[in-house]
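First the proteins, then the strands, lettered A, B, ... as listed; each starts at 1.
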Amino acid sequence: MPADPPIRRIAHLDMDAFFASVELLRYPQLRGLPIVIGGGRRKVDEIIREKYSDRPLSEIPVEAFPLLKDYVGRGVITTATYPARQFGVGSAMGMMKAAKLAPDALVLPVDFDEVRKYSRQFKSIIREIAPVVEDRGVDEVYIDFTEVPGGQREGGRVLARLIQKAIQQQTGLTCSIGVAPNKLIAKMASEFNKPNGISIVYQDDVRTRIWPLPVRKINGIGPKAEVKLHKLHLLTVGDIAAQEREWLVDNFGKSYGAWMHDAAWGRDDRPVVTESEPVSMSRETTFDRDLHAVRDRAELGAIFTDLCRQVAGDLQRKGYVGKTIGIKLRYDDFRIATRDQTIDHFTDDPKTIRQVAGQCLKRVQLERRLRLLGVRVGKLEKAGAAVETAANEAPAPDGADTAEARPGTLDLF
DNA sequence: TCTGGGGTCCTGCCGCGT
DNA sequence: TCTGACGCGGCAGGACCC
């Protein structure tokens, strides 16, 4: 008797309040309290640790932790614990706005080393159970359940439960999993039962479970598209699905309109991709105060050099070289300008990066004050694979001698 | 007192070679 | 020699995601 071919079952796994949960492993005394994670450069917890160096982290009194209302500076929230979310604070919210909503919430900075450690750990636990895993950042993955033993049982619920349990037992962290016929629906499904939930969705459930959702729930419809859809009186996924494909193409363009139509009908055949190469690497920083290219020239120049060094360091550490070098500025009015230049050889050399990025900087207006500066290297190749030119014999980049600073532009060197 | 940092992908425009 | 079509790569900006 021939067995039925397996049905495509794709899981999306999302760690619950990952950054905050990782902190709670170290500070269990904060469990159940409203906490926001984020804020950037201020190492609040280092101050605490210094003051209480004589005791283990888990015995530092709750009163010692800083409150949101005492927070000073720029930055946004990376994540918030569920008790904090009750106050209406959430990811990407400015710290100052959050302080108004939840002044007594605790605030902790992100510990990226710790987060990366747990990220590697939970992914390796998953791979031992189901090997086809696609990385989607530190706290989420797609998993192809289709061919995994047990992956078809109860539509994927049995395997999802097994993974959830293994992660919790070995790390102490919880996650939410959605299992569906494709990545698009799985992603939405993983949000249905947060935290620590499992949702199983079949293609036939699209009408009842996906169509009632607001358009913004589709991964790929952001704030801009949402506004435009609302103007056209399309509020739910079902509203989009009810439109003719051609009408969507007329209103949103050939590619995006057609994609939107497929998405609303729950159609998505993207595979789970287990390996990918980076396209670019960048470093950027927002200053504590807005800086002016003339008045703060020395400070800006030092930051610029540092960013170039950091990008070069990242490239070297990860074994990549690139040939498109670019800069990014954010002015005090939040407008963004980017410039880049492709040179004729691959590099990971900080001096070369700084030189070419410096040329790019000459091509932008530097009259307004700046709040952010970034350096990017793109068109990457594996360091071994690319034909490398030794840094000391690198030819001058195109236009290095001829590029003239336009009026209103400045040279930071 | 708004609004981080690290990415990917797409689009429109322009110059260039054929 | 001129003109236009076309493909392609580089560049700038924008939308989106975690």
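Phosphate contact (OP1/OP2 of B:dG4, side-chain N/O of A:Thr285, threshold under 4.0 Å): absent. Between A:Lys187 and the phosphate of C:dC18, there is a side-chain N or O to OP1/OP2 separation shorter than 4.0 Å. Considering only side-chain N and O atoms, A:Ser91 lies nowhere under 4.0 angstrom from the phosphate OP1 or OP2 of C:dC18. Dashed line: the shortest gap from a side-chain N or O of A:Lys328 to OP1 or OP2 of C:dG13 is not under 4.0 Å. A sub-4.0 Å separation between OP1 or OP2 of B:dG4 and a side-chain N or O of A:Arg371 is present. Within the structure, every side-chain polar atom (N or O) of A:Thr78 is placed at least 4.0 Å from both OP1 and OP2 of C:dC18. Remark: A:Ser280 is in phosphate contact with B:dT8, judged by side-chain N or O atoms under 4.0 Å from OP1 or OP2. At the phosphate of C:dG13, OP1 or OP2 sits under 4.0 Å from a side-chain N or O atom of A:Thr338. Listed pair A:Arg363 / C:dC11 fails the phosphate criterion, with no side-chain N or O lying under 4.0 Å from OP1 or OP2. Dashed line: the shortest gap from a side-chain N or O of A:Arg376 to OP1 or OP2 of B:dG7 is not under 4.0 Å.
Here the C1' atom of nucleotide B:dT1 and the CZ atom of A:Phe287 are 19 Å apart, to the nearest Å. Rounded to an integer number of Å, the gap from A:Met260 CE to B:dC10 P is 15 Å. Residue A:Ile37 contributes atom CD1, which lies 17 Å from atom P of B:dG5 at whole-angstrom precision. Between A:Arg270 atom CZ and B:dC9 atom P there is a gap of 12 Å when expressed in whole angstrom units. If you take CZ of A:Phe252 and P of B:dT11, they are 14 Å apart, rounded to a whole angstrom. Rounding to whole angstrom units, CG of residue A:Leu315 and P of B:dG6 are separated by 13 Å. Rounded to a whole Å, the OH atom of A:Tyr71 is 13 Å from the P atom of B:dC2. The nearest whole Å value for the distance from the CZ atom in A:Phe334 to the P atom in B:dG4 is 5 Å.
Nucleic acid contact class of A:Ile327 (heavy atoms, under 4.0 Å, all strands): none. Residue A:Met93 is out of contact with every strand shown, counting any heavy-atom pair closer than 4.0 Å. Residue A:Ala99 is out of contact with every strand shown, counting any heavy-atom pair closer than 4.0 Å. A:Lys97 comes within contact range of no nucleotide atom at all, as no heavy-atom separation falls under 4.0 Å. Heavy atoms of A:Arg216 sit under 4.0 angstrom from primed sugar atoms or phosphate atoms, though from no base atom.
Taking a 6.0 Å sphere around NZ of A:Lys351, one finds it holds 12 or fewer heavy atoms contributed by other residues, nucleotides or ligands.
In this structure, the nucleotide among C:dC11, C:dG10, B:dG5 sitting nearest to the side chain of A:Lys379 is C:dG10. Of the candidate nucleotides B:dG7, C:dC18, C:dA12, B:dG7 has the atom nearest to the side chain of A:Lys318. Comparing atom distances between the A:Pro223 side chain and each of C:dC18, C:dC16, B:dG4 picks out C:dC16 as nearest. Here the side chain of A:Glu284 is nearest to one of B:dG5, B:dG4, B:dG7, namely B:dG5. Of the candidates C:dC18, C:dG10, C:dG13, C:dG13 carries the atom nearest the A:Ala337 side chain, counting heavy atoms from C-beta on. For A:Arg339, taking side-chain heavy atoms from C-beta onward, the closest of the listed nucleotides C:dC16, C:dC11, C:dG13 is C:dG13.
Mapping A:Ala92 and A:Ser282 onto DNA chain B via the closest heavy atom, the residue that lands nearer the 5' end is A:Ala92. Comparing A:Pro278 and A:Tyr256 by the nucleotide of DNA chain B whose heavy atom lies nearest to each, the residue mapping closer to the 5' end is A:Pro278.
Put simply, the side chain of A:Met95 reaches to within 4.5 Å of the side chain of A:Val107, judged on heavy atoms. Looking at A:Val215 and A:Ile240, their side chains come closer than 4.5 Å, going by heavy atoms from C-beta outward.
When the options A:Arg363, A:Lys328, A:Arg376 are evaluated for a side-chain contact (heavy atoms from CB on, under 4.5 Å) with A:Asp340, the one that passes is A:Arg376. Residue A:His12 is tested with A:Arg136, A:Glu134, A:Glu140 for a side chain to side chain donor-acceptor pair (under 3.5 Å); the sole match is A:Glu140.
B:dC2: glycosidic angle within 90° of 0, hence syn.
Note: A:His261 and A:Trp265 have tilted aromatic rings, judged against thresholds of 30 and 60 degrees for the angle between ring planes.
Taking atom P in both C:dC17 and B:dC2, the straight-line distance is 26 Å, to the nearest Å.
Between A:Phe346 and A:Tyr320, the ring centre distance reaches or exceeds 6.0 Å.
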